Amino acid sequence: MTIGVSMLVGSSRAGSLNERLAKAIERLAPKELVFERVKIDDLPFCDADLEKSPPEQVLRLKATLDRNPAAFFVMPEFNRSLPAVLKNAIDIGSRPMAANSWRGKVVAMTGASPGAIGTAVGQQHLRQILSVIGANVMAGEAYISFSQPDLIADDGHIENESTRAFIQAYVDRFAEFAQRLCDQ
């Protein structure tokens with residue numbers, strides 16, 4: 001069974017470590033997972049007025065999320081939390097509550113940072129937020145310490161065997177998790 005996966009990258013920075021990690025995930029994923037990138041850096045700030053007359057960017061986000069039963073978050077950590085651009089996309093996707101695009105969504109997350117603990121604290125915050133809005137978040141953690149600038153190439157290729165094996169195992173586990181939950 002093919003499963004559509006909304007890929008949300010919480011960094012819009014040129015040369016983003018997390019963009020490279022997202023490409024690696026897409027390269028390593030089993031063929032059953034079909035990724036669709038979600039553009040989030042042009043969204044207006046979330047407020048109740050968006051529900052009355054949503055602009056094209058909001059409609060696009062909601063349509064992409066609603067089309068795919070799964071989502072994969074790849075994010076940096078800002079001040080021990082998730083980036084504002086990603087939190088904004090989550091908030092917009094959850095509104096209005098009757099049309100919460102996250103409810104029942106099968107979700108995994110990871111992130112890269114040059115720091116020793118990767119994005120551990122930010123991912124815990126993201127996990128808490130997604131649980132509150134009804135997403136089915138995969139257990140387990142995948143924090144990537146990007147201690148070497150060339151750990152993942154711009155195209156997502158990973159030379160380091162242990163890093164590639166770690167990410168491969170995580171993506172394979174997500175595929176199994178998504179198959180199990182989306183098959184119900």
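For the single chain, residues carry numbers from 1 onward in sequence order. Quick note: numbers below take in every heavy atom, side chains included, and nothing from hydrogens, waters or symmetry partners. Just so you know, these numbers come straight off a predicted model, no measurement behind them.
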Value rounded to 0.5 Å, distance of [atom1] in [X] from [atom2] in [Y]:
{"X": "Met1", "Y": "Gln179", "atom1": "CE", "atom2": "CD", "result": "4.5 Å"}
{"X": "Leu82", "Y": "Asn88", "atom1": "CG", "atom2": "CG", "result": "10.5 Å"}
{"X": "Asp41", "Y": "Leu86", "atom1": "CG", "atom2": "CG", "result": "12.0 Å"}
{"X": "Met109", "Y": "Arg127", "atom1": "CE", "atom2": "CZ", "result": "4.5 Å"}
{"X": "Gln148", "Y": "Thr163", "atom1": "CD", "atom2": "OG1", "result": "7.0 Å"}
{"X": "Lys31", "Y": "Thr2", "atom1": "NZ", "atom2": "OG1", "result": "8.5 Å"}

Are [Y] and [X] co-members of a hydrophobic cluster defined by side-chain heavy atoms under 4.5 Å apart?
{"X": "Met138", "Y": "Val5", "value": "yes"}
{"X": "Ile129", "Y": "Phe78", "value": "no"}
{"X": "Val74", "Y": "Phe177", "value": "yes"}
{"X": "Tyr143", "Y": "Val9", "value": "no"}
{"X": "Val106", "Y": "Val171", "value": "yes"}

Quick one: does any side-chain atom of [X] pair with a main-chain N or O of [Y] as donor and acceptor, under 3.5 Å?
{"X": "Ser145", "Y": "Gly115", "value": "yes"}
{"X": "Tyr170", "Y": "Glu141", "value": "no"}
{"X": "Gln123", "Y": "Ala142", "value": "yes"}
{"X": "Asn68", "Y": "Ala70", "value": "no"}
{"X": "Thr119", "Y": "Gly122", "value": "no"}
{"X": "Asp172", "Y": "Pro30", "value": "no"}
{"X": "Lys62", "Y": "Ala99", "value": "yes"}
{"X": "Glu32", "Y": "Ile3", "value": "no"}
{"X": "Asn100", "Y": "Ile133", "value": "yes"}
{"X": "Glu19", "Y": "Ala14", "value": "no"}

Atom of [X], atom of [Y] and distance for their closest heavy-atom approach:
{"X": "Leu65", "Y": "Ser101", "value": "CB-CB, 3.9 Å"}
{"X": "Ala89", "Y": "Leu61", "value": "O-CD2, 3.6 Å"}
{"X": "Cys46", "Y": "Ile92", "value": "CB-CG1, 3.7 Å"}
{"X": "Ile40", "Y": "Val85", "value": "O-CG2, 3.5 Å"}
{"X": "Pro114", "Y": "Leu17", "value": "CD-CD1, 3.9 Å"}
{"X": "Asp42", "Y": "Arg60", "value": "OD1-NH2, 2.6 Å"}

Hydrophobic cluster (4.5 angstrom, side-chain heavy atoms) - remaining members for Val121: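 Hydrophobic cluster check, Val121: joined to Ile117.
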Salt-bridge contact Glu26-Arg37 (side-chain N to carboxylate O under 4.0 Å):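 Looking at Glu26 and Arg37, the cut-off is met.
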Check ion pair Arg173-Glu176 (N to O, under 4.0 angstrom):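 Salt bridge flag = no for Glu176 with Arg173.
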In terms of heavy-atom contacts, does CG of Asp47 have more than 12 from other residues, nucleotides or ligands at under 6.0 Å?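 Check passes, neighbour count above 12.
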Within the supplied structure, the quantity of interest is the number of heavy atoms (other residues, nucleotides, ligands) at a distance under 6.0 Å from Arg13 CZ; does it exceed 12?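 Yes - once you tally the heavy atoms of other residues, nucleotides and ligands closer than 6.0 Å, there are more than 12.
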Minimum side-chain heavy-atom gap [X]-[Y] below 4.5 Å:
{"X": "Arg20", "Y": "Asp154", "answer": "yes"}
{"X": "Leu50", "Y": "Pro44", "answer": "yes"}
{"X": "Ser11", "Y": "Pro83", "answer": "no"}
{"X": "Arg27", "Y": "His157", "answer": "yes"}

Could you give all pairs that pass the ring-ring contact (aromatic ring centres under 6.0 Å, His included) test and reach residues 27-59, with sequence neighbours left out?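 Found none.
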CA sep, side-chain torsions, deciding dist, call: Met7, Ile25, side chain to side chain contact (heavy atoms under 4.5 Å, CB included): CA-CA 10 Å; Met7 173 65 85; Ile25 289 164; 4.0 Å; yes
Worked verdict on Leu33 versus Phe72 for side chain to side chain contact (heavy atoms under 4.5 Å, CB included): CA-CA 11 Å; Leu33 299 182; Phe72 207 113; over 6 Å; no
Given Leu126 and Ile90, is the side chain to side chain contact (heavy atoms under 4.5 Å, CB included) satisfied, shown in steps? CA-CA 10 Å; Leu126 177 59; Ile90 293 167; 3.5 Å; yes
Name all pairs fulfilling the salt bridge (charged side-chain N to carboxylate O under 4.0 Å, His left out) condition that reach into residues 86-107, sequence neighbours left out, sorted by first residue then second.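 Of all non-adjacent pairs touching residues 86-107, those that pass salt bridge (charged side-chain N to carboxylate O under 4.0 Å, His left out) are Glu51-Arg95, Lys87-Asp91.
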Would you check, one step at a time, whether the test side chain to side chain contact (heavy atoms under 4.5 Å, CB included) holds for Ile158 with Leu28? CA-CA 10 Å; Ile158 305 170; Leu28 294 170; 4.2 Å; yes
